[in-house]
Amino acid sequence: ITGYVSKWQQGLGAIQELTSQKYLNNIVKYTATIDDEKNILKELKKAIEIALEHPRGPVHIGLPLDIQRLEYTGDQVDVVQPRKIQSDYESLNKAIDLINNSRDGLVIVGGGCRNLDEKIKKLEEKLNWRLVTTASAKGIIEEDYRLNMGNFGFPGTDLANKIIKDQNFDCVLVLGS
């Protein structure tokens with residue numbers, strides 16, 4: 001929760017009026033600026049629920065100073081409970097079958113795989129698929145690991161970019177991205 005310019009000052013050019021949502025949008029799961037005090041609880045509840053959903057992550061609420069100064073006179077606030085994730089075992093079993101029956105697959109490792117390098121390599125040894133990493137996953141898997149083709153994308157290696165561009169894989173398994 002961050003402070004924000006009072007509603008009556010918005011649009012007058014205050015430095016604190018930098019559009020935080022614009023900058024935070026790419027690094028948080030949810031961001032909103034409260035423009036009506038009637039929406040505070042609804043927005044806070046929504047932000048907390050989103051933060052607690054898997055994968056968990058940061059959220060942001062901008063609260064104008066004049067709204068912060070108001071006294072709350074509403075009902076008791078309910079505690080937010082995280083939503084339960086419903087497992088879809090049928091789809092999971094289909095995915096397992098697809099992975100097990102694929103001869104030529106690719107594993108893409110993203111930044112959400114930090115500290116999982118040994119588990120990923122164990123999976124890789126079973127699958128024997130090539131592996132590429134996203135920019136945020138650079139360094140998770142050692143560069144000299146035999147199945148690691150490197151980072152792909154703008155800051156990527158020529159080999160990883162060529163594999164992504166030229167190959168037609170039976171299956172692509174994306175982890176942590």
Side-chain angles (χ1 to χ4, degrees), residues 1-2 4 18-33 42-63 79-177:
I1 298 174
T2 60
Y4 198 67
L18 285 172
T19 318
S20 53
Q21 281 183 256
K22 175 180 165 187
Y23 298 107
L24 293 171
N25 208 27
N26 293 322
I27 58 172
V28 297
K29 290 180 69 178
Y30 177 73
T31 179
T33 299
K42 181 180 87 172
E43 286 294 338
L44 283 174
K45 183 177 190 291
K46 180 177 181 181
I48 292 168
E49 286 173 346
I50 291 171
L52 294 175
E53 282 178 353
H54 289 279
R56 293 182 174 162
V59 295
H60 167 259
I61 296 291
L63 200 54
V79 175
V80 174
Q81 296 296 327
R83 297 179 199 164
K84 298 227 185 251
I85 297 175
Q86 297 297 319
S87 298
D88 180 355
Y89 292 107
E90 183 179 335
S91 294
L92 181 60
N93 286 329
K94 285 180 184 177
I96 291 168
D97 288 342
L98 177 66
I99 291 167
N100 286 336
N101 293 320
S102 295
R103 291 186 316 272
D104 185 27
L106 175 72
V107 175
I108 298 175
V109 175
C113 290
R114 295 244 171 258
N115 302 317
L116 297 175
D117 54 318
E118 293 305 317
K119 290 182 179 183
I120 292 168
K121 287 192 281 188
K122 187 175 180 180
L123 174 65
E124 274 290 281
E125 292 301 322
K126 181 178 188 297
L127 296 174
N128 201 35
W129 292 357
R130 285 167 284 185
L131 175 147
V132 297
T133 55
T134 64
S136 64
K138 187 173 176 103
I140 291 177
I141 305 294
E142 297 88 2
E143 289 181 17
D144 61 352
Y145 177 66
R146 70 179 186 88
L147 295 169
N148 188 356
M149 305 296 118
N151 273 77
F152 75 94
F154 178 72
T157 64
D158 291 341
L159 179 58
N161 287 330
K162 182 172 178 30
I163 286 171
I164 293 285
K165 181 180 175 193
D166 295 344
Q167 293 291 333
N168 188 12
F169 297 101
D170 300 32
C171 182
V172 177
L173 179 60
V174 181
L175 304 172
S177 188

Atom [atom1] in [X], atom [atom2] in [Y]: separation rounded to 0.5 Å?
X	Y	atom1	atom2	value
Lys46	Glu49	NZ	CD	10.0 Å
Tyr145	Leu131	OH	CG	7.5 Å
Thr157	Lys162	OG1	NZ	12.0 Å
Asn161	Asn151	CG	CG	9.0 Å
Leu127	Leu123	CG	CG	4.5 Å

- Query: So which pairs with a foot in residues 149-161 pass salt bridge (charged side-chain N to carboxylate O under 4.0 Å, His left out), sequence neighbours left out?
  - Reply: none

- Query: For Thr133 and Glu143, what are the C-alpha separation, side-chain angles and deciding distance, and is it a side chain to side chain contact (heavy atoms under 4.5 Å, CB included)?
  - Reply: CA-CA 10 Å; Thr133 55; Glu143 289 181 17; over 6 Å; no

Residue pair [X] / [Y], side-chain heavy-atom distance below 4.5 Å:
X	Y	result
Asp170	Asn101	no
His60	Tyr30	no
Trp129	Leu106	no
Phe152	Lys165	no
Ile141	Glu124	no

- Compare every heavy atom of Ala137 with every heavy atom of Gly111, then report the nearest pair and how far apart it is. N-CB, 3.7 Å

- Task: Please report the closest heavy-atom contact between Ser177 and Gly110, naming both atoms and the distance.
- Result: CB-CA, 3.9 Å

- Message: Is it true that, when you exclude Lys29 itself, more than 12 heavy atoms of the residues, nucleotides or ligands shown sit nearer than 6.0 Å to its NZ?
- Response: yes

- Task: Flag yes if more than 12 heavy atoms outside Asp88 fall under 6.0 Å of its CG atom; otherwise flag no.
- Result: yes

- Query: Would Glu142 and Lys121 pass as an ion pair if we require N to O under 4.0 Å?
  - Reply: yes

- Task: Determine the sole option in Ile120, Asn148, Leu116 for which the side chain to side chain contact (heavy atoms under 4.5 Å, CB included) test with Val109 is passed.
- Result: Ile120

- Message: If we check side chain to side chain contact (heavy atoms under 4.5 Å, CB included) with Cys113, which of these qualifies: Ile108, Val107, Ile140, Thr134?
- Response: Ile140

Sequence neighbours left out, cut at 3.5 Å: what donor-acceptor pairs do the side chains of residues 92-100 make with other protein atoms?
| unit_1 | atom_1 | unit_2 | atom_2 | d |
| --- | --- | --- | --- | --- |
| Asn93 | ND2 | Tyr89 | O | 3.2 |
| Asn100 | ND2 | Ile96 | O | 3.4 |

